[in-house]
Amino acid sequence: MCGIVGITSKKGAGVLKDLISSLTKLEYRGYDSAGIAILTDKGIEVIKGVGTISEVVSRALDEIKDGSTGIGHTRWATHGEVSEQNAHPLLSCDRRVAVVHNGTLDDFEKLRDRLMAKGHRFSSDTDSEVIAHLIEENITLHGDIVEAFVKTVMSLKGSYAVAAIIQGYNALLVARNKSPLVVGLGNGENYCASDVAALLHKTNRFIFLEDGDIALVTPDTVKVCHLTSTGEALSVERGIELIEWSPELLSRGSYEHFMLKEIHEQPNIIRKIAENLNYYRKFAEALFGYLRDGSLSIVAAGTSYHAGLIGKYLFSKMLSVRSEVIIASEFQEWSHHLRKGDIVLAISQSGETADVLEAVRIARSRGTRVLSLVNVPGSTLTRLSDEVAYIQAGPEVGVAATKTFTAQIAVLYLISSIMKDLNEGKIRENTERSLLSVSKILNGQLDEFKRRSKDISERIKHKKNAFFLGRGINFPTALEGALKLKEISYIHAEGYPAGEYKHGPLALIEEGVPAIVLVPYDEDLRRKIIYNLMEVKSRGALTITVQPDNVDVPTDFAITTDSSVGELLSPLIYAVPLQLIAYYTAVSLNRNPDKPRNLAKSVTVE
Ligand code: M6R
């Protein structure tokens, strides 16, 4: 879950500043340590250390020489503690090779022991360092630098996106397997990075490498070969894709945090999705057709899993279609029943979540069709899928998913509505209109939501626990509200189906514990949840409701929303105050919501 970047230029010097700005754009992938290595006429210069990228590389401009080729890394530790020694880039014994790596190598201990027996000295506890020593060893054995790199990659097992630089060789040597890596194409310079976001300020032309690809990237050329299962490296052509995200989308603008900016973007994204209804038609038609042959399993992680639960509800309620939602990391053990012809719908913001990719590989090996809803263009999941629909939320930088959650729900609603039309053989006009009206309501209510959420955050910020209760379609919204609060404020929070609460968790309610209750639009459900609310209130809970504005609910605090929204679209509105409560609580506790401790945006390890 690290970020890597590389630039090779023929200008002779001057990649350092660009390297730093690319690396800064990758900071959301990991932020416990960082480093840069530059190929200069004096050899390879390295600067690295513990801390944020700006803390570490602010020294770079003064302390190291600039050069024509360089690599950078932002780390989220997996092997080895967070320390300067373990920060990347990592060097070979002769300091002629520097590498950055994202992923985890299997059996690296064996490789390390073998190399140590040959006299290599290791300076870190990382698995990644073996790569630098292996390249050094293979250069001694084979002479040719490219061959040495290919031989090195052949001996690696596990997941890796690697970029290496070698003294005297103005190029990047890169390879990927089960960790993301793209090659960017510039003028007189070329790049590599963990994702396109790092390079959008330099180019919008990309080559998306496949698992098993190795590339030699010089300032003018990119040569790709692919490692076959029989151990050969065959030359391959990979197409160039244009990415339309503008670099401005990656700026925070006047917002204090990316998370707040991304919360604000939601009304516009929902509007854009509504206006693009026809774009989703092909996907919905494909899913509708496939449903005749097999069963539907939704697979996702984290916030996307919660969106998947809402999808399951919509498919059941609107189409009477049965589906299941499997947490991606559990897929292997819970999917033995899947057969040829069944359908897996994968939902992922990044399209790079290792658990989701592994689930999809397992599903494919069982002969299922794979359809996916993804945000990041060109991501690995898009290339493992038979059909892809983009949720079109634009880049999400804050580690806490916000706008991509509501975009996923809006797209699931559109797809379900289109499939309902197909089922009934008619086209209803109101699908687009209802989403547009949600977008308008959200726009109009955002300031009030912010004001109320800020007040509530002051009341809950010193609490140890909080509970989120929902029913029906807003049970997953309750799960999402709890996830938001715990991941950025570090307050323990749980989401429950409100009716289930009395079967155990009610024992945890004591004086002042916040219970955040999502009041249904549906009258019958509402009657039941008010009863559940009274259960917690009478035991001392501090009750906070998110509710339609035309109903009277006995509560300590209420955030009200337009009563015209209706049950099916209510998660799109209810999610927003929950995101804001989490945001203001984190900020008020002096915690950075964009970079919560221990977490990274894109979880590329299993
Ligand atoms: O990129 P994905 O949607 O596959 O990511 C899945 C989860 O890692 C992600 O939603 C995570 O739970 C977020 N930090 C939640 O805010």
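A donor-acceptor pair under 3.5 Å is formed between the side chain of Asn170 and the backbone N or O of Ser9. Checked by atom type and distance alone, the side chain of Lys151 never pairs as donor or acceptor with a backbone atom of Asn138 at under 3.5 Å. The closest donor-acceptor contact from the side chain of Tyr280 to the backbone of Tyr390 lies under 3.5 Å. A donor-acceptor pair under 3.5 Å links the side-chain atoms of Ser22 to the main chain of Ala198, judged by distance alone. Here the side chain of Ser350 pairs a donor or acceptor atom with the backbone of Glu352 at under 3.5 angstrom. Put simply, the side chain of Ser295 never gets that close to the backbone of Asp342: no donor and acceptor are under 3.5 Å apart. Although no hydrogens or angles enter the test, the distance criterion places a donor-acceptor pair under 3.5 Å between the side chain of Asn102 and the main chain of Cys2. Panel note: side chain Glu262, backbone Gly398; a donor-acceptor pair is recorded below 3.5 Å. In this structure, the side chain of Thr382 engages the main chain of Ser379 through a donor-acceptor pair within 3.5 Å. Proximity of a side-chain donor or acceptor of Ser159 to a complementary backbone N or O of Thr104 within less than 3.5 Å is detected.
Tested against Thr152 for a side chain to side chain contact (heavy atoms under 4.5 Å, CB included), the candidates Val162, Ile131, Ile139 yield a single pass: Ile131. Across Gln408, Glu480, Glu487, a single residue satisfies side-chain hydrogen bond (donor to acceptor under 3.5 Å, both in side chains) together with Thr303, and that is Glu480. The only member of Val222, Val224, Val182, Ile214 that meets side chain to side chain contact (heavy atoms under 4.5 Å, CB included) when paired with Leu209 is Val224. Each of Asn190, Thr69, Thr218, Asp220 was scored for a side-chain hydrogen bond (donor to acceptor under 3.5 Å, both in side chains) with Thr8, with one residue passing: Thr69.
Using a 4.0 Å cut-off between charged side-chain N and carboxylate O, Lys65 and Asp41 make a salt bridge. A salt bridge is defined here as a Lys NZ or Arg NE, NH1 or NH2 lying under 4.0 Å from an Asp or Glu carboxylate O, and Arg364 with Asp386 meets this definition. The pair Arg96-Glu136 fails the salt-bridge criterion, with no side-chain N (NZ, NE, NH1 or NH2) lying under 4.0 Å from an Asp/Glu carboxylate O. Using a cutoff of 4.0 Å between basic side-chain nitrogens and carboxylate oxygens, Asp293 and Arg369 are scored as salt-bridged. The existence of a salt bridge linking Lys282 and Glu387 is confirmed by a sub-4.0 Å separation between a basic side-chain nitrogen and an acidic carboxylate oxygen. Lys10 and Glu189 are not joined by a salt bridge, as no carboxylate oxygen comes within less than 4.0 angstrom of a charged side-chain nitrogen. Looking at Glu27 and Lys595, a side-chain N of the basic residue comes within less than 4.0 Å of a carboxylate O on the acidic one, giving a salt bridge.
The distance from atom CD of Glu237 to atom OG of Ser235, rounded to the nearest 0.5 Å, is 8.0 Å. From Lys48, atom NZ reaches atom OG of Ser33 across 9.0 Å, with rounding to the nearest 0.5 Å. Atom OH of Tyr290 sits about 13.0 Å away from atom CG of Leu296, to the nearest 0.5 Å. Rounding to the nearest 0.5 Å places NZ of Lys157 at 5.5 Å from NZ of Lys110. Glu396 contributes atom CD, which lies 11.5 Å from atom CZ of Phe258 (distance to the nearest 0.5 angstrom). Rounding to the nearest 0.5 Å gives a distance of 10.5 Å between CG of Leu381 and CG of Leu371.
Between Asp18 and Lys202 there is a side-chain heavy-atom pair separated by less than 4.5 Å. Counting only heavy atoms from C-beta outward, the side chains of His226 and Val236 approach each other to under 4.5 Å. Looking at heavy atoms from C-beta onward, Val183 lies out of side-chain contact with Tyr191 at the 4.5 angstrom threshold. Side chains of Arg238 and Asp213 form a contact here, defined as non-hydrogen atoms less than 4.5 Å apart. Contact check for Glu324 versus His337: side-chain heavy atoms found under the 4.5 Å cut-off. Side chains of Leu200 and Ile243 form a contact here, defined as non-hydrogen atoms less than 4.5 Å apart. Inter-residue side-chain proximity for Leu111 and Leu134 is flagged as met; some heavy-atom pair is nearer than 4.5 Å. Under the 4.5 Å side-chain criterion, counting only non-hydrogen atoms from C-beta, Glu358 is in contact with Lys178.
In terms of heavy-atom proximity, Arg383 sits nearest to Gly378 at NH2-O, 2.8 Å. When all heavy atoms of Phe331 and Ser335 are compared, the pair lying nearest together is O-OG, 2.6 Å. Of all heavy-atom pairs spanning Leu357 and Gly351, the tightest one is CD2-O, 3.6 Å. In terms of heavy-atom proximity, Ser348 sits nearest to Thr353 at OG-OG1, 3.8 Å. Shown here for Ile298 and Ser323, the closest heavy-atom pair between the two residues is CD1-OG, 4.1 Å. Considering all non-hydrogen atoms of both residues, Ile4 and Leu26 come closest at O-CD1, 3.3 Å.
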Q: Decide yes or no on side-chain contact (heavy atoms from CB on, under 4.5 Å) for Ile391 and Val374, but give the supporting numbers first.
A: CA-CA 6 Å; Ile391 59 167; Val374 186; over 6 Å; no

(Q) Let's go through Val130 and Leu115 carefully: what are the C-alpha distance in whole Å and the side-chain angles of both, what is the deciding distance for side-chain contact (heavy atoms from CB on, under 4.5 Å) to 0.1 Å, and is it a yes or a no? (A) CA-CA 8 Å; Val130 295; Leu115 287 158; 4.2 Å; yes

Q.
Phe206 vs Leu185, test: side-chain contact (heavy atoms from CB on, under 4.5 Å). Steps then yes/no.
A. CA-CA 6 Å; Phe206 291 93; Leu185 306 173; over 6 Å; no

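Every residue two or more places apart in sequence or in another chain was checked for a ring-ring contact (aromatic ring centres under 6.0 Å, His included) with Tyr279, and none qualifies. With sequence neighbours excluded, no residue satisfies side chain to side chain donor-acceptor pair (under 3.5 Å) with Ser155.
Judged purely by distance below 3.5 Å, without hydrogens or angles, the side chains of Thr126 and Asn86 never pair a donor atom with an acceptor atom.
Annotation: Arg361, atom CZ; neighbour count of heavy atoms from other residues, nucleotides and ligands within 6.0 Å is above 12. Taking a 6.0 Å sphere around CD of Gln332, one finds it holds 12 or fewer heavy atoms contributed by other residues, nucleotides or ligands.
Ring pair His306/Phe405 is perpendicular by interplanar angle, where above 60° counts as perpendicular and below 30° as parallel.
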